[in-house]
Amino acid sequence: MSSPVVTRFAPSPTGYLHIGGARTALFNWLYARHHGGRMLLRIEDTDRERSTQGAIDAIIEGMRWLGLDWDGEVIFQYARAERHREVAESLLASGNAYRCYATAEELAEMRERARAEGRPSRYDGRWRDRDPAEAPAGAPYVIRLRAPTEGETVVEDAVQGRVTWANRDLDDLVLLRSDGTPTYMLAVVVDDHDMGVTQIIRGDDHLTNAARQTQIYRALGWEVPAMAHIPLIHGADGAKLSKRHGALGVDAYRDLGYLPSALRNYLVRLGWSHGDQEVFSTDEMVSAFDLKAIGRSPARFDFAKLENLNGLYIRGAADADLVAGIEAMLPTIGAARGLSAPLPELLRETFIAAMPGLKERAKTLIELLDSAYYLYAARPLALDEKAKGLLGEEARARLAEVLPVLEALPEWNAAATEAAVRHFAESSGVKLGQVAQPLRAALTGRTTSPPLFDVLAVLGRNESLARLRDQAARS
RNA sequence: GCUCCCAUCGUCUAGCGGUCUAGGACGUCGCCCUCUCACGGCGAAAACAGGGGUUCGAGUCCCCUUGGGAGCGCCA
């Protein structure tokens with residue numbers, strides 16, 4: 001009992017899976033899952049110059065990380081070039097397309113003049129009704145669609161509503177290049193048709209393409225799939241998303257310490273809403289998702305909100321999952337902290353044991369890792385001179401007591417440190433996290449005095465100091 | 001330049017002609033909790049771009065202006 005709904009995500013492998021693409025993929029995925037249908041993944045690699053294997057890998061890995069699975073095999077558009085060519089030939093045979101021998105120079109001049117005269121810049125159809133016999137023998141040609149010149153082309157869009165173009169504003173697009181390869185416009189139509197796509201969901205930068213593709217569908221006598229063009233995501237300043245504001249690959253978000261569940265939740269609320277609900281489990285998203293609730297105006301990317309959501313998800317995550325997430329980031333961010341890919345078993349277990357106290361205050365996995373600094377700090381431990389300078393009188397006095405002990409700490413294992421710090425925390429009646437962060441601050445001097453004061457107070461008054469000293473002496 | 005799309009707090013948004021003295025969330029600012037930070041709780045400031053219509057009545061419908069955005073390739 002297969003459902004008729006088929007969506008597809010069709011990125012071109014010319015870079016990483018950026019945040020806008022990730023949201024498009026998410027919407028396609030949600031729509032398909034909501035309707036019990038299938039989502040296909042098609043790599044649009046017909047541009048041989050710019051497509052790279054690295055980009056393909058990055059896209060696939062990005063989707064996996066985000067938890068967006070697709071149905072069936074990945075489809076590569078380039079592999080279908082022969083089929084595209086056949087379709088172009090059939091259009092030529094049916095009279096819905098024609099050979100155009102205009103040179104690149106002619107086309108450039110055409111555009112320039114049209115622009116100068118304030119006319120829309122488009123192909124003037126000079127070979128549309130001309131006898132191909134007039135072309136210089138052996139001259140290269142492209143195949144163009146013989147598009148209607150009168151009437152209008154209408155796109156019924158689930159998000160944008162009914163959008164209309166006068167056919168005179170749409171020119172005869174190229175279907176097959178002079179080297180015999182298909183253009184994007186032809187390939188998309190043929191592939192979506194052959195793949196049985198029923199619902200196209202993509203960025204609204206494709207809205208104009210939707211009209212031109214509709215003309216191709218009509219010329220072919222094929223049914224036009226339902227369309228939904230979603231608004232683009234903009235940067236914090238309202239301008240087009242650039243690297244500066246978040247047009248990073250999803251791998252960058254992973255390395256910034258964001259959880260895929262949090263990113264999904266953030267992304268789904270960008271342009272889509274369900275009443276006042278802000279937090280959605282994956283199941284809730286799937287059941288609530290509806291194209292009609294997608295807005296038409298572009299949304300700006302806001303790191304602050306993503307971060308808030310991420311903190312929420314971290315607090316609710318399983319301890320082992322958080323540590324697994326941290327480990328996944330280690331290849332890129334571990335070196336700076338003296339940590340590498342698979343955590344030693346004992347350290348990993350200690351990390352997990354420390355999570356309940358630490359995750360209460362972390363907004364990203366990076367913060368979580370840093371707050372656990374006391375577990376993996378280089379030994380012997382030493383307090384930062386600058387940090388010491390920030391202390392008040394009372395704290396300074398306490399420091400005098402504690403410092404010799406801290407500075408005497410030799411090589412030490414994480415479990416022992418965890419046990420000692422946990423003991424401090426418990427016997428002082430505070431949460432582990434309240435000790436961990438200040439401890440890191442005291443060791444690195446990366447924070448101002450309040451937390452530093454705190455850890456010293458905890459350490460200084462704690463009776464387990466003696467135990468700590470004993471342990472240190474033993475090892 | 002041409003075509004198309006968009007316009008509610010700083011940001012994401014609710015609002016589908018009257019229930020809007022415009023709701024929620026993030027952020028910001030206060031207060032509480034607390035040995036700091038965070039979490040949590042309470043509260044505050046904060047928006048219908050402007051102008052014309054239509055209507056008994058407009059944030060909600062229409063038009064114009066202004067302001068954004070996208071597209072205009074033998075790129076995708």
Side-chain angles (χ1 to χ4, degrees), chain A residues 10-14 44-47 49-51 77 100 102-104 107-108 111 114-123 140-144 155 157 159-161 163-166 169-171 173-179 181-185 187-188 203-212 229 231-232 234 236 238-240 266 269-279 292-293 295-309 311-312 315 358-363 367 371 428-431 433-434 437-438 441 447-455 457-458 461:
Chain A
S12 59
T14 54
E44 309 213 315
D45 56 351
T46 53
D47 183 345
E49 301 286 292
R50 298 196 297 154
S51 298
Q77 193 159 60
C100 168
T103 62
L107 295 175
R111 269 193 290 274
R115 202 115 173 175
E117 293 171 13
R119 289 181 292 111
S121 55
R122 51 192 196 82
Y123 175 65
Y141 62 89
V142 299
I143 293 180
R144 284 183 186 271
V155 170
D157 192 282
V159 172
Q160 308 287 338
V163 187
T164 307
W165 286 265
D169 291 330
L170 270 12
D171 63 0
L173 64 277
V174 174
L175 298 171
L176 213 59
R177 302 185 187 105
S178 53
D179 65 358
T181 60
T183 59
Y184 160 80
M185 217 59 86
V188 167
D204 72 7
D205 49 336
H206 286 287
L207 191 55
T208 310
N209 293 339
R212 318 189 85 192
H229 289 86
L232 267 18
H234 289 178
K240 191 175 176 179
Y266 176 70
R269 284 284 292 104
L270 226 44
W272 175 80
S273 61
H274 185 64
D276 284 339
Q277 190 171 351
E278 298 283 349
V279 179
K292 289 186 205 67
R296 276 136 302 177
S297 55
R300 301 185 185 199
F301 194 88
D302 181 13
F303 270 106
K305 191 151 185 171
L306 204 211
E307 193 149 295
N308 172 271
L309 228 27
L312 197 72
R315 271 172 264 137
L358 301 180
K359 69 185 181 187
E360 291 302 316
R361 64 197 53 239
K363 287 212 162 68
E367 285 181 20
S371 70
S428 305
V430 300
K431 288 183 178 163
Q434 289 180 283
Q437 183 186 319
T447 275
T448 45
S449 54
L452 177 56
F453 173 88
D454 183 59
V455 71
V458 171
R461 83 158 93 95

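Proteins come first, then strands; the chains are lettered A, B, ... in the order of their sequence lines, and each starts at number 1.
B:rC9 and B:rG51: their P atoms are spaced 16 Å apart (whole Å). When the C1' atom is used for both B:rC72 and B:rG53, the distance is 34 Å, rounded to whole Å. Rounded to whole Å, the separation between the C1' atoms of B:rU36 and B:rG43 comes to 24 Å. For the C1' atoms, the distance linking B:rU8 with B:rA47 amounts to 5 Å, nearest Å. Atom C1' of B:rA14 sits at a distance of 15 Å from the matching atom of B:rU19, rounded to the whole Å. B:rG15 and B:rU60 have their P atoms separated by 15 Å, given to the nearest Å. Across the P atoms, B:rA38 and B:rC62 are found 47 Å apart, a figure rounded to whole Å. To the nearest whole angstrom, the two C1' atoms, one in B:rA46 and one in B:rU11, are 12 Å apart.
For B:rU3, neither phosphate oxygen OP1 nor OP2 lies less than 4.0 angstrom from any side-chain nitrogen or oxygen of A:Thr208. An OP1 or OP2 oxygen of B:rA25 is reached within less than 4.0 angstrom by no side-chain nitrogen or oxygen of A:Asn308. Considering only side-chain N and O atoms, A:Arg144 lies under 4.0 angstrom from the phosphate OP1 or OP2 of B:rC74. In this model, the phosphate group of B:rG40 is approached by a side-chain N or O of A:Arg315 to a distance below 4.0 Å at OP1 or OP2. At the phosphate of B:rA14, OP1 or OP2 sits under 4.0 Å from a side-chain N or O atom of A:Ser273. In this structure, A:Lys363 reaches the B:rC39 phosphate: one of its side-chain N or O atoms is under 4.0 Å from OP1 or OP2.
For B:rG1, the paired base is B:rC72 (Watson-Crick or G-U wobble, both distances below 3.5 Å). When Watson-Crick and G-U wobble pairs are counted only if both distances are under 3.5 Å, B:rG59 pairs with no nucleotide at all. Using the Watson-Crick or G-U wobble rule with both distances under 3.5 Å, B:rA49 pairs with B:rU65. The nucleotide B:rC20 finds no pairing partner, because no Watson-Crick or G-U wobble arrangement with both distances shorter than 3.5 Å includes it. In this structure, B:rC9 forms no base pair with any nucleotide, since neither Watson-Crick nor G-U wobble geometry is met with both distances under 3.5 Å. Nucleotide B:rU28 forms a Watson-Crick or G-U wobble pair with B:rA44, both donor-acceptor distances falling under 3.5 Å.
In this entry the distance linking CZ of A:Arg296 with C1' of B:rA70 reads 16 Å, nearest Å. Computed from coordinates, the A:Leu175 CG to B:rG73 P distance equals 15 Å when rounded to whole Å. Rounded to whole Å, the distance from OH on A:Tyr141 to P on B:rC74 is 17 Å. Per the geometry, CD belonging to A:Glu49 stands 11 Å off P belonging to B:rA76, to the nearest Å. Atom CZ of A:Arg300 is separated from atom P of B:rC6 by 18 Å (rounded to the nearest Å). Look at CD on A:Gln160: it is 14 Å from P on B:rG71, rounded to the nearest Å. Rounded to whole angstrom, the span from the CG atom of A:Asp157 across to the C1' atom of B:rC6 amounts to 13 Å. Counting to the nearest Å, the C1' atom of B:rU3 and the NE2 atom of A:His206 are 17 Å from each other.
The distance between the ring centers of A:Phe301 and A:Tyr266 falls below 6.0 angstrom.
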* Decide yes or no on side-chain contact (heavy atoms from CB on, under 4.5 Å) for A:Leu175 and A:Met185, but give the supporting numbers first. => CA-CA 7 Å; A:Leu175 298 171; A:Met185 217 59 86; 5.7 Å; no
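The backbone N or O of A:Val174 sits less than 3.5 Å from a side-chain atom of A:Thr183, completing a donor-acceptor pair.
A donor and an acceptor atom never sit less than 3.5 Å apart when one is taken from the side chain of A:Asp45 and the other from the base of B:rA76. Within 3.5 Å, a donor on the side chain of A:Asp276 pairs with an acceptor on the base of B:rG23, or the reverse.
Annotation: of the two residues near RNA chain B, A:Val163 and A:Gly275, the 5′-most nearest-nucleotide partner is A:Val163. Comparing A:Trp165 and A:Gln77, the nucleotide of RNA chain B nearest to each residue sits closer to the 5' end for A:Trp165.
Out of B:rC74, B:rU13, B:rG69, the shortest distance to the side chain of A:Val174 is found at B:rC74. In this structure, the nucleotide among B:rG24, B:rA76, B:rG27 sitting nearest to the side chain of A:Ala304 is B:rG27. Each of B:rA76, B:rC39, B:rC12 was ranked by its minimum atom distance to the side chain of A:Glu360; first place goes to B:rC39. Nearest nucleotide to the A:Tyr184 side chain, out of B:rA76, B:rG24, B:rC74: B:rA76. Across B:rA76, B:rC6, B:rG24, the shortest atom-to-atom separation from the side chain of A:Ser297 is found for B:rC6. In this structure, the nucleotide among B:rA76, B:rC12, B:rA70 sitting nearest to the side chain of A:Leu232 is B:rA70. Nearest to the side chain of A:Ser178, among B:rC74, B:rG27, B:rC5, sits B:rC74.
Considering all non-hydrogen atoms of both residues, A:Ser178 and A:Pro140 come closest at CB-CB, 4.1 Å. The minimum heavy-atom distance linking A:Gly203 with A:Leu232 is given by the pair CA-CD1, 3.9 Å. Between A:Trp165 and A:Val155 the shortest heavy-atom distance is CZ3-CG2, 3.6 Å.
Nucleic acid contact for A:Ala102: base, since at least one base atom lies under 4.0 Å from a heavy atom of the residue.
Just one of A:Thr208, A:Asn209, A:Asp157, A:Asp205 meets the side chain to side chain donor-acceptor pair (under 3.5 Å) condition when paired with A:His229; it is A:Asp157.
Here the side chains of A:Val188 and A:Glu44 are in contact, with some heavy-atom distance below 4.5 Å.
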